[in-house]
Amino acid sequence: DISGYSVGATVTDPEFGNVVISTSQPAIFTGCTNGAPLSGQMNVAAGSTNMTVTYNDCDTFTVVFNGNGQSYNWADVNNF
């Protein structure tokens, strides 16, 4: 049985106003020996600024910031 982690929060920032954080797909941490999420998707929005992080598999994730996407390897991220 696999369960995931979901989040939903609104943070009020004096400069950006409301920052909304949510998961459109729960983060699943089962099955990755490196501690990375296996799958899931997190969204962050502040006004017209949007970011989505998609956990692709145990090794990679994709960040889309205002429509521009880039994939990354967990092994290349400092302090992971």
Side-chain angles (χ1 to χ4, degrees):
D1 189 26
I2 296 176
S3 62
Y5 296 91
S6 296
V7 66
T10 300
V11 178
T12 301
D13 180 85
E15 183 178 346
F16 296 105
N18 287 338
V19 178
V20 180
I21 304 164
S22 63
T23 46
S24 52
Q25 299 172 13
I28 307 295
F29 285 88
T30 304
C32 296
T33 58
N34 61 357
L38 173 64
S39 64
Q41 189 170 70
M42 179 178 65
N43 306 297
V44 180
S48 62
T49 302
N50 295 290
M51 179 183 72
T52 301
V53 179
T54 302
Y55 308 116
N56 303 317
D57 52 39
C58 293
D59 299 314
T60 65
F61 63 98
T62 302
V63 177
V64 177
F65 184 77
N66 287 340
N68 297 308
Q70 175 71 43
S71 291
Y72 298 93
N73 293 313
W74 284 112
D76 297 333
V77 177
N78 290 331
N79 300 319
F80 179 74

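Values reported hereafter were calculated over all heavy atoms of this structure, with side chains retained and with hydrogens, waters and symmetry mates removed. None of the values given here were measured: they were computed from a predicted structure.
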Donor-acceptor pair, side chain of N34 and main chain of A36, under 3.5 angstrom:
yes

Distance-only criterion, 3.5 Å: show the donor-acceptor pairs between side-chain atoms of residues 58-67 and protein atoms not counting sequence neighbours.
residue : atom : partner : partner atom : Å
T60     : OG1  : N56     : ND2          : 3.3
T60     : OG1  : D57     : OD1          : 3.1
T62     : OG1  : N56     : ND2          : 2.9
T62     : OG1  : S71     : OG           : 2.9
N66     : OD1  : N50     : N            : 2.8

Provide the closest heavy-atom pair for A27 versus Y55 in the form atom of the first, atom of the second, distance.
CB-CE1, 4.2 Å

Using residues 37-45 as the side-chain source, report each donor-acceptor pair under 3.5 Å to any protein atom, sequence neighbours left out, with the distance given to one decimal.
residue : atom : partner : partner atom : Å
Q41     : OE1  : S24     : OG           : 2.7
Q41     : NE2  : T54     : OG1          : 2.7
N43     : OD1  : T52     : OG1          : 3.2
N43     : ND2  : S24     : OG           : 3.2

Would you be so kind as to tabulate the donor-acceptor pairs closer than 3.5 Å made by side chains of residues 5-13, with sequence neighbours excluded?
residue : atom : partner : partner atom : Å
T12     : OG1  : N18     : OD1          : 2.9
D13     : OD2  : E15     : N            : 2.8
D13     : OD2  : F16     : N            : 2.8

